[in-house]
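So you know, we letter chains A, B, ... as the sequences are listed, proteins then strands, and number each from 1. All values below come from the heavy atoms of this structure, side chains included, with hydrogens, waters and symmetry mates left out.
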Number of protein chains: 2
Amino acid sequence: MTIEINTHILLADDHQLVIDGLKSMFQNETRYVISGEANNGQEALSLIQSDPEKFQLVITDVSMSHMTGIELCRHIKQQYPEIKVLVLSMYSGVSVVKEALSAEADGYLLKSAGKDEFIQALHRITDGGTYFAQDIIPIIYNQYQREKAHQDALSILTTREREVLSLIVKEHTSEEIARKLFLSKKTVDNHRQNILAKTGCKTTIGLVKFAIRNGME
Amino acid sequence: MTIEINTHILLADDHQLVIDGLKSMFQNETRYVISGEANNGQEALSLIQSDPEKFQLVITDVSMSHMTGIELCRHIKQQYPEIKVLVLSMYSGVSVVKEALSAEADGYLLKSAGKDEFIQALHRITDGGTYFAQDIIPIIYNQYQREKAHQDALSILTTREREVLSLIVKEHTSEEIARKLFLSKKTVDNHRQNILAKTGCKTTIGLVKFAIRNGME
DNA sequence: GACTATATAGGGATTAATACCTATTTCGCA
DNA sequence: TGCGAAATAGGTATTAATCCCTATATAGTC
């Protein structure tokens with residue numbers, strides 16, 4: 001005996017064409033049922049609020065009038081965290097993807113995705129997992145990549161200088177650093193001076209930013 | 001007429017069992033041919049160096065003696081950037097995944113992946129794309145998530161205070177800030193004092209770290 | 001053996017930041 | 001209408017950081 005569980009889906013997209021396309025895509029899928037449609041976020045939210053039990057999953061476009069898919073997602077996750085949200089988009093721009101992630105979307109898919117990928121995404125999400133379009137991983141990772149490239153900047157400093165810098169970043173004064181390292185305050189000040197010169201920074205604030213940028217702390 | 005292109009694969013894993021498992025997995029795949037095996041990174045690299053044209057793709061485990069899969073990947077990408085690398089691992093720990101990404105791996109897959117996912121990953125990678133296990137996206141994104149959660153910390157500051165803080169982070173002195181905002185230096189100092197109190201920081205360095213942590217700059 | 005980098009330490013002066021205060025104006029909210 | 005928050009400004013004192021010097025010991029390199 002197989003237990004047949006239907007997942008009721010709410011589609012939100014301001015292009016009727018997309019909604020129709022998705023509907024035809026799910027025509028033969030018994031597990032997924034399109035139980036509602038909306039042409040903007042506001043409308044979708046109203047539908048959910050009028051019967052919060054009706055939908056288990058929302059598939060929403062990003063760019064919609066009145067309320068974007070991201071905002072819709074945020075609202076849903078705040079008020080009805082048990083409802084899953086799959087965000088659709090034309091693009092895989094880093095900021096949109098990050099927005100979706102920060103809105104706690106369960107998935108992010110490009111509109112160019114085929115039926116197989118759609119079904120796979122829905123399977124994963126309804127099973128309590130997440131699904132993100134493959135292309136976005138290198139994109140959201142780019143930032144880290146960039147930082148990593150400049151990692152070696154710290155190597156222009158000597159061991160002692162790195163030690164001092166680390167304590168500076170930890171908000172210790174020259175006097176405290178001197179005590180900690182059993183040095184004269186003057187020595188510490190000289191190290192500071194040298195670190196400033198080597199890194200091309202003008203102030204302690206610059207040093208702190210330099211250190212953080214380069215993975216210290 | 002179908003053009004049949006064979007992708008020659010080099011397997012690197014220090015568990016023969018895994019190698020054998022992968023070999024049996026690709027037994028019926030005409031598109032992929034296992035053309036080499038190695039039990040550690042050093043061995044794999046030697047095989048490649050002796051005939052760089054032989055392999056189009058390397059599937060490597062992360063943890064191996066002599067040379068880890070990550071190091072192997074880094075070497076391959078530096079010397080033979082045209083060879084694709086798929087990294088395998090038991091875990092989806094954030095640091096390992098990040099290491100793999102920074103080593104410019106074309107894919108990251110868990111050993112628990114089934115044949116279908118393997119084939120899909122190989123298809124994507126040989127087509128010039130990337131494939132990363134779904135589970136890792138939320139993981140590598142966690143950092144950003146955490147920052148985002150504390151984003152609102154800046155909201156405890158008034159508009160003027162945020163303005164002043166922003167200039168502090170840009171390495172301006174109180175006097176410069178005063179000139180820029182057409183204020184008395186005293187006013188700026190008072191703002192600083194209030195910002196310190198509100199944020200619970202003791203020094204300017206603390207403020208800079210607070211600002212960066214919370215997305216300013 | 002001379003040269004260079006590193007780590008050490010000091011003198012002396014200036015500028016910047018921090019820690020306490022008080023006080024006025026303006027603006028929104030209860 | 002009065003209360004509190006925000007923004008403004010000043011006084012005074014202390015501490016910290018920065019700048020510009022000199023100087024010594026040590027270790028490694030050419």
Side-chain angles (χ1 to χ4, degrees), chain A residues 78 149-217, chain B residues 148-217:
Chain A
Q78 264 166 18
H150 294 281
Q151 182 92 328
D152 295 342
L154 278 173
S155 66
I156 59 170
L157 301 180
T158 67
T159 310
R160 200 52 152 176
E161 285 165 351
R162 275 198 297 274
E163 208 168 353
V164 171
L165 177 56
S166 163
L167 290 169
I168 290 173
V169 176
K170 288 190 182 72
E171 291 178 66
H172 295 292
T173 65
S174 293
E175 221 175 320
E176 291 169 348
I177 295 170
R179 268 203 301 277
K180 241 179 225 296
L181 301 181
F182 303 104
L183 296 172
S184 145
K185 178 189 174 289
K186 262 302 164 185
T187 303
V188 176
D189 277 334
N190 283 333
H191 282 309
R192 291 185 89 118
Q193 210 59 33
N194 293 332
I195 297 168
L196 283 172
K198 279 187 178 178
T199 57
C201 294
K202 288 189 299 289
T203 65
T204 304
I205 299 170
L207 286 186
V208 172
K209 293 199 290 183
F210 170 86
I212 291 174
R213 240 197 342 270
N214 293 108
M216 188 173 271
E217 165 116 330
Chain B
K148 199 80 180 179
H150 294 281
Q151 180 94 328
D152 296 343
L154 280 172
S155 67
I156 60 169
L157 301 179
T158 66
T159 309
R160 200 50 150 177
E161 285 165 351
R162 275 197 297 274
E163 209 168 351
V164 171
L165 178 56
S166 164
L167 290 168
I168 291 173
V169 175
K170 290 190 180 72
E171 292 178 65
H172 296 291
T173 65
S174 292
E175 220 174 320
E176 290 169 348
I177 295 170
R179 268 202 302 278
K180 241 179 226 294
L181 301 181
F182 303 104
L183 296 174
S184 145
K185 179 188 174 290
K186 262 299 159 190
T187 303
V188 176
D189 277 334
N190 283 331
H191 283 310
R192 290 184 89 117
Q193 208 62 31
N194 293 331
I195 296 168
L196 284 172
K198 280 186 177 178
T199 57
C201 294
K202 287 190 300 288
T203 65
T204 304
I205 300 171
L207 286 185
V208 173
K209 294 198 289 181
F210 170 86
I212 291 175
R213 240 197 341 268
N214 293 107
M216 187 174 273
E217 166 112 332

Legend entry - B/Lys180, NZ atom: more than 12 neighbouring heavy atoms under 6.0 Å: no
Pairwise side-chain contact, [X] with [Y], heavy-atom cut-off 4.5 Å (strictly under):
{"X": "B/Ile195", "Y": "B/Phe210", "value": "no"}
{"X": "A/Leu207", "Y": "A/Val169", "value": "no"}
{"X": "A/Arg160", "Y": "A/Leu183", "value": "yes"}
{"X": "B/Val188", "Y": "B/Val164", "value": "yes"}

Grab the N/O contacts between the protein and nucleotides 28-30 of chain D below 3.5 Å, and write none if there aren't any.
none

Inset, instruction - Search all heavy atoms of B/Thr158 against all heavy atoms of B/Lys198 and return the closest pair with its distance. - result: CG2-NZ, 3.6 Å
Inset, instruction - Mind listing the closest non-hydrogen atom pair of A/Leu157 and A/Leu165 along with its distance? - result: CD1-CD2, 3.7 Å
Inset, instruction - Can you pull out how bent the helix from C/dG1-D/dC30 to C/dA30-D/dT1 is, comparing the axes over its first five and last five pairs, to 10°? - result: 50°
What is the separation between atom [atom1] on [X] and atom [atom2] on [N], rounded to the nearest whole Å?
{"X": "A/Arg179", "N": "D/dA16", "atom1": "CZ", "atom2": "C1'", "value": "13 Å"}
{"X": "A/Ile168", "N": "D/dA17", "atom1": "CD1", "atom2": "C1'", "value": "10 Å"}
{"X": "A/Ile177", "N": "D/dA17", "atom1": "CD1", "atom2": "C1'", "value": "11 Å"}
{"X": "A/Leu167", "N": "D/dA16", "atom1": "CG", "atom2": "P", "value": "16 Å"}
{"X": "A/Ile195", "N": "C/dT6", "atom1": "CD1", "atom2": "C1'", "value": "13 Å"}
{"X": "A/Asn194", "N": "D/dA17", "atom1": "CG", "atom2": "P", "value": "16 Å"}

Only counting residues at least two apart or in another chain, list the ones meeting side chain to side chain donor-acceptor pair (under 3.5 Å) with [X].
{"X": "B/Ser184", "value": "none"}
{"X": "B/Asn190", "value": "none"}
{"X": "A/Gln193", "value": "none"}

What pairs with [X] under salt bridge (Lys or Arg N to Asp or Glu O under 4.0 Å), at least two apart in sequence or on another chain?
{"X": "A/Glu171", "value": "B/Lys209"}
{"X": "A/Lys202", "value": "none"}
{"X": "B/Lys186", "value": "none"}
{"X": "B/Arg192", "value": "none"}

Report, one pair per line, the protein and nucleotides 24-26 of chain C atoms (nitrogen or oxygen only) whose separation is under 3.5 Å.
none

Inset, instruction - Let me have a per-nucleotide readout for nucleotides 9-21 of chain C, 5' to 3', with B, S or -, counting only protein heavy atoms under 4.0 Å. - result: BBBB---SSBB-B
Inset, instruction - Measure the spacing between NZ of B/Lys170 and OG1 of A/Thr203 and express it to the nearest 0.5 Å. - result: 13.5 Å
Legend entry - Working for side-chain contact (heavy atoms from CB on, under 4.5 Å), residues B/Thr187 and B/Leu181: CA-CA 10 Å; B/Thr187 303; B/Leu181 301 181; over 6 Å; no
Quick test: give all pairs of protein nitrogen or oxygen and nucleotides 25-27 of chain D nitrogen or oxygen below 3.5 Å, distance rounded to 0.1 Å.
none

